[in-house]
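Basis for what follows: all heavy atoms, side chains included, without hydrogens, waters or symmetry-related copies. From a predicted model like this one, the values you see are computed outputs, not experimental measurements.
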Amino acid sequence: MKRIILLFLISMGITSAQAQRQMEYLARGLVAVQAGRDSVFVSWRLLYSDPDNAAFDIYRQADGSVPVKLNSSPLTQATSFMDTAQLPQGKYTYVVKPLTRGEKGSFVLDRRDDGKPYFILSLHTPENYSPNDISPGDLDGDGDYELVVHMTGVAHDNSHNGLTDPPIFQAYKMDGTLLWTINLGRNIREGAHYTQFLVYDLDGDGRAEVVMKTADGTTDGSGNVIGDATADHRDANGHIVRGPEYLTVFDGLTGAALATVNYQPARHPETENPTPEQMEEVWGDGNANRSERYLACVAYLDGVRPSVVMCRGYYTRATLAAFDWHNGKLTQRWLFDSDDHTPGNEAYHGQGNHNLSVGDVDGDGCDEIIYGSAVIDNTGKGLYSTWLGHADAMHFSDLDPTHPGLEVFNIQERFDDAGMNFRDARTGQVLWKVTSVKADESGSDKGEGPGRGVSFNVDPRYAGNECWAFGAGINGMWNARGQKISETTPGTCNFAVWWDDDLLRELLDKNLVMKWNWNAQTLDTLMVAADCRSNNGTKSTPGLSADLFGDWREEIVLRTTDNQSLRIYTTTIPTQHRFVTLMQDPVYRLGVAWQNVAYNQPPHTGFYIGDEMAKPVKPVLNLVKYKK
């Protein structure tokens, strides 16, 4: 009877902490990559569906020969293996077989004497464009990821004038097969704040869709035009402040538009063609600066099915609209507006970041949106606001394992007492903070507070993540309890990646992976991605960092200097640790989905990873396999 009641509640859009989240099915994800001249590093996913005591055998087969078992006893620790046989050049098939239930995996390695520890994905880059942000999704339903690449040409920030090139999106299989191209057209401006794209299986059919803001003249992957192909809504300064706005769901495999509705949140509550004076009244400026700053995410608002949340504004007015894609229909679930005169909503005015995060902060099984210094509940109502204001960077996870629940580390883009702040994710209680100050009276620190801040576990001497920021008189490093542990600030304040053999996180900046040497207080370089470039100017972010395949450690995707290919770097360092693939952790998977949004931030798991960690609690998932 309880099960019947639960199924009924789910069918009505009501859920509980015990309900199963619909999540993509993943295959074994076996890969083999050369680790030097004479070794091959083989790794594969431990899956959510595997038993805790899962063990594996691994085999290698040369063309026309009998498979050779490589392990002398079942592999029960790391889901990786170093094949040290000095093999001649040629093609070798590696196969991993679980000894209990579960799927096997296979991979064909073309071994060469000059083999490198990365995979190359050749691109069809449009002329005068370059590959920028990337998002993964299983577009064809085979259990492995494809990549959706945002190709950028001439771009401008909101505060700058000038025409831009149309944003272009392309989807690729890992072998370089181009699946489709979508051109958003001249009525979508190019820049970090305009186009936030989401790649996710939203309707539970086992294949991912792609969702983004569109406009008159957008051409889908099948060559069909959305709206009026002849319309040009750009003003003399290149800004787009008039004309219809749309939200479109595209088929992930073909790029064809499946459904298009009016975009929400709208630029003005009453008209799609507001005057500058009307925009000034609503947003605080009339030149499309604050009103054209967008964010987006995927969130399980009912605890069962994923929803799309499209957002507009954070410096002043903050608006969020949730949509569901189900049974071929795109419908609006709710709309939140900090300035709609709903009592209490004024507390959310001006609290957003250039990024966001998603997770269940209150333990009800449904996701909330961590909107900078505030949190919006799954119901579309405000959960709490800290009133600390706007920031450029934020991190959300179990940052302090000694404190119950999850935490948020944020910075504050102004000179005030919470330049760095660390709070309880459920209640918003600020647990500790660090003041930001101007460097001196001459104004040598001309910013408005720290522009960057991070929270990563890099020092094994302290439980939890270490925190630091750049600028605004904040120098040194703090532990998760708010104690200053070093006067030295690491030389990077950007991304991070699980890369080597321990449970600490390494630092990723530009084309470098670095290890924080806590004894010498220096950075040691572990990997240089030669002939590769990072993205987004001084932000120096990768195209993507995520656990794309292999064991639980992360891959790094960078563009080559000629913009004609991507390199997917994967670690070849043996480890004894193993986890279920991070992509089957809800907080991490949703973090990868929003990683491309505005000022990119790295994904975090919903559980703490470190030497003193507790065993992660498995989420309750409903893995959806594509039915051909």
Side-chain angles (χ1 to χ4, degrees), residues 10-11 13 15 19-26 135-143 145-148 169 171 179-180 182 195-214 220-221 226 246-264 294-311 320-335 356 358-360 365-369 378 380 546 583-584 586-597 619 621-627:
I10 291 173
S11 71
T15 186
Q20 289 185 324
R21 286 181 178 234
Q22 165 191 301
M23 188 170 280
E24 63 198 350
Y25 155 84
L26 291 175
S135 193
D138 183 4
L139 305 181
D140 58 10
D142 65 355
Y145 289 119
E146 285 71 47
L147 300 180
V148 176
F169 289 82
L179 296 176
W180 48 255
I182 294 172
T195 296
Q196 321 304 344
F197 63 105
L198 300 173
V199 183
Y200 209 85
D201 180 10
L202 298 167
D203 60 0
D205 67 351
R207 293 198 298 112
E209 291 77 36
V210 180
V211 181
M212 49 192 157
K213 186 175 185 280
T214 56
D220 74 3
I226 295 171
Y246 306 121
L247 181 67
T248 300
V249 177
F250 297 92
D251 185 282
L253 183 59
T254 67
L258 299 175
T260 296
V261 298
N262 290 332
Y263 183 86
Q264 291 288 348
Y294 300 89
L295 302 174
C297 63
V298 174
Y300 289 74
L301 301 175
D302 65 0
V304 178
R305 298 189 182 103
S307 300
V308 167
V309 182
M310 307 304 292
C311 316
L320 299 84
F323 293 86
D324 295 329
W325 171 245
H326 191 57
N327 292 331
K329 294 182 179 180
L330 185 59
T331 57
Q332 185 172 315
R333 175 181 283 262
W334 50 250
L335 174 68
L356 42 61
V358 178
D360 178 12
C366 305
D367 287 332
E368 283 71 46
I369 297 92
N378 64 290
M583 294 296 258
Q584 290 182 327
V587 171
Y588 185 90
R589 182 64 186 91
L590 296 177
V592 171
W594 56 244
Q595 184 180 144
N596 69 78
V597 169
L621 304 179
N622 174 24
L623 302 181
V624 180
K625 191 171 184 178
Y626 177 60
K627 296 179 181 179

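The two residues D360 and D367 come nearest to each other via the heavy atoms N-OD1, 3.3 Å. Residues A171 and L139 approach most closely at CB-CD1, 3.7 Å, considering heavy atoms.
Looking at residues two or more places apart in sequence or on another chain, you find a salt bridge (Lys or Arg N to Asp or Glu O under 4.0 Å) between D140 and K173. Residues meeting the salt bridge (Lys or Arg N to Asp or Glu O under 4.0 Å) test with K625, sequence neighbours left out: E103. Applying the ring pair (Phe, Tyr, Trp, His ring centres under 6.0 Å) test to Y294 and every residue at least two apart in sequence or in another chain returns Y263. Legend: residues meeting side chain to side chain donor-acceptor pair (under 3.5 Å) with W334, ordered by chain and number and at least two apart, are absent. Applying the side chain to side chain donor-acceptor pair (under 3.5 Å) criterion to D251, with sequence neighbours excluded, gives R207, T254. Looking at residues two or more places apart in sequence or on another chain, you find a side chain to side chain contact (heavy atoms under 4.5 Å, CB included) between F197 and D133, S135, V148, H150, F169, V199, M212, N596. With sequence neighbours excluded, no residue satisfies side chain to side chain donor-acceptor pair (under 3.5 Å) with D201. Applying the side chain to side chain contact (heavy atoms under 4.5 Å, CB included) criterion to Q264, with sequence neighbours excluded, gives A266, A321, F323, Q332, L335. Among residues two or more places apart in sequence or in another chain, the side chain to side chain donor-acceptor pair (under 3.5 Å) test is passed with E24 by Y145, R589. P586 pairs by the side chain to side chain contact (heavy atoms under 4.5 Å, CB included) definition with R21, M23, P619, L621, not counting sequence neighbours. Under the side chain to side chain contact (heavy atoms under 4.5 Å, CB included) criterion, D324 pairs with S307, T331, R333, not counting sequence neighbours.
Taking CG from N622 and CZ from R305, the interatomic distance works out to 10.0 Å, rounded to the nearest 0.5 Å.
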Please step through side chain to side chain contact (heavy atoms under 4.5 Å, CB included) for the pair L330 and V211, ending with a clear verdict. CA-CA 11 Å; L330 185 59; V211 181; 5.9 Å; no

